[in-house]
Amino acid sequence: MKKFLAIKVFFWFWLTVLCTILLLISISLLQPDMLATKDISPPMLKNLFHLKKSLKRHIERAPEQSIEYVISNRRHARRAKVYLKHREAEKSLVSTQTLYEYDLALLNFAIDGEPKVINTEKFRAYGPLKIQLRGDEFQLFMVLDNREGDLFLKVRLMPQWLKLLVLLLASMLLSYWFARGLLKPIRQLQLAAAKLAHGKLDARANVDSRRQDELGQLGKDFDTMASQLESQVLSQKRLLADISHELRSPLTRLQMATGIAAGKASGDLDCYLQRIEKESQLLEHMLSDILQLSKLESGNNHFEPHPISLFDLLTPIINDAEFESQQLNKLLNTNELPEAVVHGDAILLNRAIENIIRNALKYATSQVSIICHIQDRDLVIQVCDDGPGVSDEMLDKLCIPFYRASQSRTPDSSKMGGFGLGLAIAQHAIKVHHGHIEFKNQQGLSVTLTIPLQQP
């Protein structure tokens, strides 16, 4: 039978109720004998007064007989026992010796009080009533055996604060236990979904396979979905990498043939061959970027981190950027480079930082700023341009391969605005160095790279 979640909720509700009751009973059994009182009913109060008159009448008629003898030999003595409580304990009298088996001291509190029904675990008493017998004053109680066996009597006798404490603790502990078991797979699904949303395709919920309810089935379905998604994405990336790799051989032969033909051609034919050579070089560059991105995404681009001087890493990149900015009639602003050492791969870091700076120069209107500083043992590089920026909803999509935010980020539509691979390569290159990239709109697009100085 399948264990549906509704059945579990129903079961745990009644289990909590049952365990709370059992706990109350268990704690009550550990307590000493106690009693509970309630108002006496009019018929029983009438019987108690009738017993008082009957006892006085019998004792007055038999002055030669002791009080104990009279109360022991009256009618109905076996059913309703009599206890005459005296202020001096040794003068108290009972109608039968079996009453001494009971803890009659529990009735001490009722002296001089109003008649009540007094319940204990073993007997039930009615009283007291003041009665004068041969010059002594007694408290009259009528005692009956408690044959009902009230299971919850001791629970009722417990102090209110103790009962409330037991109810709260039992319900809270059992409810927490149930809620923890219910929310654990939900939490696992939430964490797995968050990881999957951030591109970790190997994320799985790993919900306990023994769960047969809806949450267990949801966990299995989620893991199946994630496995299929991972398989499809990896297949797509593998196909793209394989195609790019296979295209390089015919492209190389095409470039060689074009070069040979260009050496023998003249006139208008030479212009066409130069155009073919330019486009083939562009295609070669794109294939190289795709293969590089494929290696970074698949994790096959293994490298041994080694110390790199920040000055040696950034100076050539900034010099190239200054030369390129002069050609574009744009201003490049930089600050003084801090003295620091980064542990990583110089080629990957160079490619990532260069791609971001070139992207900023391409879309800037008049100037680009590069600010480097050390913050909390991290290298922070901020590259800002004064271009049109991108819409806020597009910021998270800038690192998607072949994605362009808008036509505003490609001012001259007649020119090739890139393949949309530069930022994707930069993101993965920074990620393998345990860093991250953040995009913001600040009078243009602001890109912040954060790279730990010491690799974990």
Side-chain angles (χ1 to χ4, degrees), residues 194-195 197-202 233 237 288-318 320-321 334-335 337-338 340-363 368-385 390 394-405 409 418-442 445-456:
K195 291 179 181 179
H198 285 83
K200 296 183 178 179
L201 298 179
D202 59 343
V233 171
K237 291 179 179 179
S288 177
D289 285 348
I290 293 175
L291 289 173
Q292 179 69 40
L293 180 62
S294 177
K295 289 180 180 180
L296 290 171
E297 288 181 338
S298 62
N300 292 330
N301 197 348
H302 300 292
F303 65 93
E304 290 293 334
H306 56 276
I308 310 166
S309 169
L310 186 61
F311 182 84
D312 295 339
L313 175 67
L314 295 181
T315 299
I317 300 175
I318 294 176
D320 292 343
T334 61
N335 70 327
L337 297 178
V341 175
V342 180
H343 285 73
D345 184 271
I347 297 177
L348 286 179
L349 290 175
N350 185 293
R351 182 106 186 248
I353 299 171
E354 186 179 42
N355 282 346
I356 291 174
I357 294 176
R358 283 190 172 181
N359 189 74
L361 286 171
K362 183 186 301 182
Y363 299 122
V368 172
S369 298
I370 303 175
I371 302 174
C372 302
H373 63 278
I374 306 300
Q375 179 180 342
D376 298 333
R377 302 179 64 85
D378 291 335
L379 169 64
V380 179
I381 304 175
Q382 188 174 16
V383 181
C384 306
D385 65 62
V390 298
M394 297 298 180
L395 287 176
D396 294 335
K397 302 178 180 179
L398 291 178
C399 291
I400 298 177
F402 302 105
Y403 177 82
R404 293 192 182 92
R409 292 295 289 180
F419 309 112
L421 293 173
L423 292 180
I425 293 174
Q427 184 192 46
H428 283 83
I430 298 299
K431 187 181 294 185
V432 298
H433 286 83
H434 307 282
H436 63 273
I437 300 179
E438 183 180 5
F439 298 91
K440 287 184 179 179
N441 281 313
Q442 295 178 351
L445 185 63
S446 172
V447 185
T448 303
L449 289 78
T450 304
I451 307 170
L453 295 177
Q454 292 290 339
Q455 296 298 311

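Residues passing the side-chain contact (heavy atoms from CB on, under 4.5 Å) test with K195 are K200, A203, sequence neighbours excluded. By the salt bridge (Lys or Arg N to Asp or Glu O under 4.0 Å) test, K440 is found to be paired with E438, residues two or more places apart in sequence or in another chain being considered.
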### Query
Should R351 and N355 be marked as a side chain to side chain contact (heavy atoms under 4.5 Å, CB included) after you check the CA-CA gap, both sets of side-chain angles, and the distance that decides it?
CA-CA 6 Å; R351 182 106 186 248; N355 282 346; 3.8 Å; yes
### Stepwise side chain to side chain contact (heavy atoms under 4.5 Å, CB included) check, I356 with I437
CA-CA 10 Å; I356 291 174; I437 300 179; 4.1 Å; yes
### Task
Tell me, with the steps shown, if I381 and T450 meet side chain to side chain contact (heavy atoms under 4.5 Å, CB included).
CA-CA 7 Å; I381 304 175; T450 304; over 6 Å; no
#### Entry: Derivation and outcome, side chain to side chain contact (heavy atoms under 4.5 Å, CB included), residues L361 and D385
CA-CA 7 Å; L361 286 171; D385 65 62; over 6 Å; no
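Atoms CG and NE2, on L349 and H433 in that order, are 3.5 Å from each other to the nearest 0.5 Å. The distance from the CZ atom of R358 to the CD1 atom of I317 is 10.0 Å, given to the nearest 0.5 Å. Between D345 atom CG and I308 atom CD1 the span is 6.5 Å, to the nearest 0.5 Å. Distance check, rounded to the nearest 0.5 Å: CD1 of I353 to CG of L348 gives 11.0 Å. Summarising the geometry, atom CG belonging to L379 is positioned 8.0 Å from atom CG belonging to L313; distances are rounded to the nearest 0.5 Å. Taking CD1 of I370 as the reference point, atom CD1 of I357 lies at 3.5 Å (rounded to 0.5 Å).
Among all heavy-atom pairs drawn from D378 and P452, the shortest one is OD1-CA, 3.4 Å. Of all heavy-atom pairs between V368 and A360, the closest is CG2-O, 3.7 Å. Of all the heavy atoms in C372 and L314, the pair that sits closest is SG-CD1, 3.6 Å.
With H436 contributing its side chain and K431 its backbone, the two residues share no donor-acceptor pair below 3.5 Å.
Side chains of V390 and N441 form a contact here, defined as non-hydrogen atoms less than 4.5 Å apart.
Atom CD1 of I347 is surrounded by 12 or fewer heavy atoms from other residues, nucleotides or ligands within 6.0 Å. With a 6.0 Å radius and a threshold of 12 heavy atoms from other residues, nucleotides or ligands, D376 has its CG atom at or below the threshold.
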